[in-house]
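Here is the naming used below: chain letters follow the sequence lines, and residue numbers restart at 1 for every chain.
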Protein chains: 2
Amino acid sequence: MAAPQKAHAKKKFMEFLGGKSLRITSQRQAIIDTVFNTEEHFTAEQLLEWSRKLDKSVSRATVYRTLPLLTESGLVHEMDFGKDCKVYDPNYADHPNHNHIICQDCEKIVEFDSEKIEQLEGEISHRLGFSVKTHRLQITGSCDELKKLGACKKKSSC
Amino acid sequence: MAAPQKAHAKKKFMEFLGGKSLRITSQRQAIIDTVFNTEEHFTAEQLLEWSRKLDKSVSRATVYRTLPLLTESGLVHEMDFGKDCKVYDPNYADHPNHNHIICQDCEKIVEFDSEKIEQLEGEISHRLGFSVKTHRLQITGSCDELKKLGACKKKSSC
DNA sequence: ATCAATGCAAATAATTTGCAAAAAG
DNA sequence: CTTTTTGCAAATTATTTGCATTGAT
């Protein structure tokens, strides 16, 4: 269950680095291993913390310098959930068009795909004279847990 | 063309303030008049600038203290278009569920409604065990101007 | 050797806040 | 009078950057 997931994405990112003659240092390796070993969204601060478990020498600056590379590669997306800090989503290699639904109470995030919505987006955009490059759909609401148990535990990342 | 639009929204916001026994000072009045007189999205800095044309004494702090009231009332929404600063949208009184399509080059923003998408969102959310509270759909792409003229002028707010 | 990458600490930039003075009810 | 609001300037917070040093190729 903990074995290296997203091996494909990791490899792709290494190639991305190579293509720009950027080096794979031990710090970057730790960051990459962390990113492509989780399905969870994370903040810069969390990534720092997690990466340091693999390599104590990872600094905040290096995390902040690596994040733009990850997003530029398209394998990680920068998200905004209305918090003060940015959140990063490592699941775009598998599901390049996925959407998010977030519980307003516990901040649980569920990802889903919808071809129908995608298609409608395309039609409407075309009608308005746009050709679609990216789309981002976020729904917020209450999750089952809240309805059943009366409350779901709050979380907060930054 | 310049006459007070959104008179209804403005009135609603005044009532919202009254309900919380908050006062309508001259500075707040200038800010409110500005907000409900435009269809455009704006940043805190722009709101400050525009409000000062109505009342020189409006300060940055007051703008920043008034914005949360505007969003709390639901008449203005805080948006995030991946820029460093937040953008505010004053068009939610008329179209409470509208979506955005943004040109990646000139940052032109077009708003649109889609009942079909809304319905799909509801169905999917329900299937995933969520009841929808809000939804936010942003599409980015290239606008006609770019395709026809080869380029559309870039803009940047912050 | 050469050029990229690092950690550190200082710098940014948007937003927030403490406080004493001013204004509203 | 009492309570809210203001402007100012200082504080906060996430993120970025300059620089001298270290590490990869």
| query | Taking atom NZ of A/Lys133 as the centre, does the number of heavy atoms from other residues, nucleotides or ligands within less than 6.0 Å exceed 12? | reply | yes
| said: Taking the minimum atom-to-atom distance to the side chain of B/Thr62, which one of C/dC8, D/dT6, D/dT15 wins? | reply: D/dT6
| field | Whichever of B/Arg52 and A/Ala61 has its nearest DNA chain D nucleotide further upstream toward 5' | value | B/Arg52
| field | Shortest non-hydrogen contact from A/Ala44 toward A/Val63 | value | O-CG1, 3.7 Å
| message | Without decimals, in angstroms, what is the distance between A/Lys56 NZ and C/dT6 P? | response | 18 Å
| Short question: side chain of B/His95, backbone of B/Tyr92 - any donor-acceptor pair under 3.5 Å? | no
| task | First locate atom OG of B/Ser125, then atom CG of B/Leu120, and finally report the distance between them rounded to the nearest 0.5 Å. | result | 10.0 Å
| note | In whole angstroms, the gap separating C1' of D/dT13 from CD of A/Glu45 amounts to 11 Å
| field | For atom NZ of B/Lys83 and atom P of D/dT15, their distance in whole Å | value | 17 Å
| said: Is A/Arg60 close enough to C/dC8 that one of its side-chain N or O atoms is under 4.0 Å from OP1 or OP2 there? | reply: no
| field | Spacing of A/Ile124 atom CD1 and B/Asn99 atom CG [to the nearest 0.5 Å] | value | 7.5 Å
| field | Residues B/Arg136, B/Asp80: salt bridge by 4.0 Å N-O rule | value | no
| Do NZ/NE/NH1/NH2 and the carboxylate oxygens of A/Lys86 and A/Glu45 come within less than 4.0 Å? | no
| field | Close residues, residues 19-26 of chain A, relative to DNA chain C [heavy-atom separation under 4.0 Å] | value | A/Leu22, A/Arg23, A/Thr25
| message | Could you check whether B/His41 and B/Glu107, counting side-chain N and O atoms only, form a donor-acceptor pair closer than 3.5 Å? | response | no
| Between residues 63-79 of chain A and DNA chain C, which residues have a heavy-atom gap below 4.0 Å? | A/Arg65
| Interatomic distance where CZ belongs to B/Arg28 and C1' belongs to C/dA23 [whole Å] | 12 Å
| task | Would you mind reading off the distance between A/Gln29 atom CD and C/dT6 atom C1', rounded to a whole angstrom? | result | 16 Å
| Which value, rounded to the nearest 0.5 Å, describes the distance between A/Gln138 atom CD and A/Ile101 atom CD1? | 11.0 Å
| Integer-rounded Å distance: D/dT25 P and A/Met14 CE | 11 Å
| message | I need the CD-P distance between B/Gln46 and C/dA14, as an integer number of Å. | response | 12 Å
| field | Value in whole Å for how far the C1' atom of C/dT6 lies from CG of A/Leu17 | value | 15 Å
